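None of these values were measured; they are calculated from a predicted model. Each ligand, and each atom within it, is numbered from 1 in the order the structure gives.
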Amino acid sequence: MRRRDFVLGAMGAGLASTGALDPFVRGDLTARAVPARGPIPYGAAVRTDLLDTEFDYKQAIVDHCQLVVGEGGLKWFDLRPSQDQFVFDQPDRLIDFADQNGMQMRGHTLAWYGAMPDWTNSIGSASEAERELVHHITTVVGRYRGRVPSWDVVNEAIAEQPESGATIRGSIWQERLGKRYIELALRTAAAADPSAQLVINDYNIENPTQQCRDRRQALLDLLRDLKDRDVPLHAVGIQGHLPGDMDIDKEGLSRFVETVKGMQLDVLVTELDVIDNKLPAREYDRDQVVAARAHEFLSAISEAARPSAILTWGITDRYTWVPMWFKRDDGKPNRPLPLDAGCRPKALMKVIDEFTRAAE
Ligand code: XIL
């Protein structure tokens with residue numbers, strides 16, 4: 001089987017089982033055929049601006065990934081500097097890079113509370129919000145129709161601390177349109193590219209805390225409601241920004257994935273990294289804990305279902321968002337990703353290999 005077929009097949013597996021489009025009609029069929037890495041495609045978030053200047057970084061992505069996703073570029077802040085502008089330079093560059101190297105590009109993200117340009121604060125009414133959201137999604141998804149096999153349509157919709165009656169996170173969309181912005185985003189994305197896998201993506205659901213339990217429940221309630229009303233939705237993205245010093249709630253996470261699968265939805269891991277600010281200073285020890293944590297997380301998911309893809313949020317410790325929020329007290333650089341700062345594989349890459357290459 002050619003590699004692109006693997007990628008397309010795995011990404012589309014959930015759709016096939018829900019009777020939607022044949023997975024092979026989705027995605028870019030001009031991708032170059034190169035040997036498959038394994039049954040589950042691996043990918044990473046990419047800083048597109050570095051592809052032309054950092055050869056080892058670019059090579060690491062080419063060597064390891066079947067999927068890429070822009071770490072930025074498709075976020076409103078990057079794409080929409082003003083109301084009448086769409087700046088597609090970064091995603092256009094990244095999708096060309098993906099094409100040239102036989103990879104696929106995932107799209108991240110269409111409706112999120114974060115990375116919003118200031119002008120969106122002036123969206124005053126529900127009808128204006130609806131017009132803007134529909135225009136944005138139609139334009140962006142439409143531009144890459146048939147070329148981006150999977151979209152994080154709605155990102156981080158669940159409230160940080162869900163309470164009864166307030167389970168959806170505040171955002172311009174939630175404030176102007178209420179919870180129906182989620183359905184609107186999904187329906188608009190489906191109309192703009194009926195072949196794409198549409199994903200609801202969220203985080204902080206994997207630890208044995210009341211907050212994670214509440215967030216899992218709120219997410220399941222949202223999914224159930226959307227499925228009951230036949231809203232087009234194909235998968236749940238589990239981000240997987242794992243706090244390195246916290247256990248994984250293996251049973252809770254497995255049960256969550258089983259319930260998701262029971263709704264005929266796929267799961268994928270979209271943003272894996274291990275936040276290591278509270279882990280031991282010694283690099284070897286830290287890398288072992290990071291790998292073990294990811295192993296616990298991926299085995300809890302895999303026990304319940306085969307993820308349609310596994311992506312990390314970055315590939316090398318040289319470029320990671322983690323120190324923006326989780327700097328270490330001892331000043332040592334964070335090591336959350338599969339390759340070290342010199343792009344050499346660490347223990348975490350072995351774990352990813354194990355899960356992506358696992359037998360059918
Ligand atoms: C982060 C990027 O990594 C940063 O470079 C950017 O400035 C802010 O966003 N969850 C998400 C991602 O869904 O979009 C976030 O990415 C990390 C947390």
Side-chain angles (χ1 to χ4, degrees), residues 43-51 54 57 61 65 67-81 87 89-91 93-94 105-118 120 136-137 140 148 150-160 168-174 182 185 189 197-207 211-212 215 219 222 235-244 267-277 294 297 309-327 333-339 341:
V46 171
R47 298 196 181 175
T48 308
D49 53 316
L50 300 174
L51 291 176
E54 305 241 348
Y57 173 72
I61 295 160
C65 296
L67 288 169
V68 288
V69 58
E71 193 171 334
L74 281 170
K75 292 172 177 171
W76 278 67
F77 186 83
D78 301 314
L79 210 51
R80 307 294 307 281
V87 180
D89 301 12
Q90 283 193 64
R93 170 73 182 97
L94 188 57
M105 182 174 92
R106 296 198 67 245
H108 175 88
T109 181
L110 299 165
W112 187 31
Y113 77 94
M116 291 296 277
D118 285 346
T120 54
H136 181 86
I137 294 177
V140 178
V148 169
S150 176
W151 278 99
D152 291 333
V153 178
V154 179
N155 195 34
E156 302 182 344
I158 301 302
E160 194 63 33
I168 302 300
R169 188 189 290 271
S171 66
I172 186 84
W173 311 119
Q174 194 274 339
I182 297 170
Q197 180 196 51
L198 306 184
V199 179
I200 286 190
N201 196 42
D202 221 311
Y203 74 109
N204 203 1
I205 57 162
E206 55 275 318
N207 299 121
Q211 185 195 15
C212 283
R215 289 176 51 80
L219 183 50
L222 170 65
V236 174
I238 303 176
Q239 290 187 359
H241 295 292
L242 310 178
V267 294
L268 59 164
V269 174
T270 49
E271 306 186 15
L272 179 62
D273 54 20
V274 181
I275 297 167
D276 64 333
N277 57 333
F297 170 74
I310 297 175
L311 296 98
T312 49
W313 202 244
I315 193 164
T316 158
D317 294 333
R318 201 191 307 164
Y319 302 114
T320 159
W321 76 298
V322 168
M324 284 171 61
W325 295 97
F326 307 101
K327 267 202 173 59
N334 296 91
R335 300 174 66 84
L337 288 167
L339 306 181

Nearest non-hydrogen partners of Arg106 and Leu67, listed with the distance: CG-CD2, 4.4 Å
Parallel, tilted or perpendicular: rings of Trp313 and His241 (30°, 60°): perpendicular
Nearest heavy-atom neighbours spanning Ala159 and Arg215: O-NH1, 2.7 Å
Side-chain H-bond candidate by donor/acceptor type, Thr320 with Asn334, under 3.5 Å: no
Glu71: partners by salt bridge (Lys or Arg N to Asp or Glu O under 4.0 Å), with sequence neighbours left out: Arg47
Heavy-atom check, side chain of Asn204 versus side chain of Cys212, under 4.5 Å: yes
First-shell residues of ligand 1 [heavy atom, distance under 4.0 Å]: Glu71, Lys75, His108, Trp112, Asn155, Glu156, Gln239, His241, Glu271, Trp313, Trp321, Met324
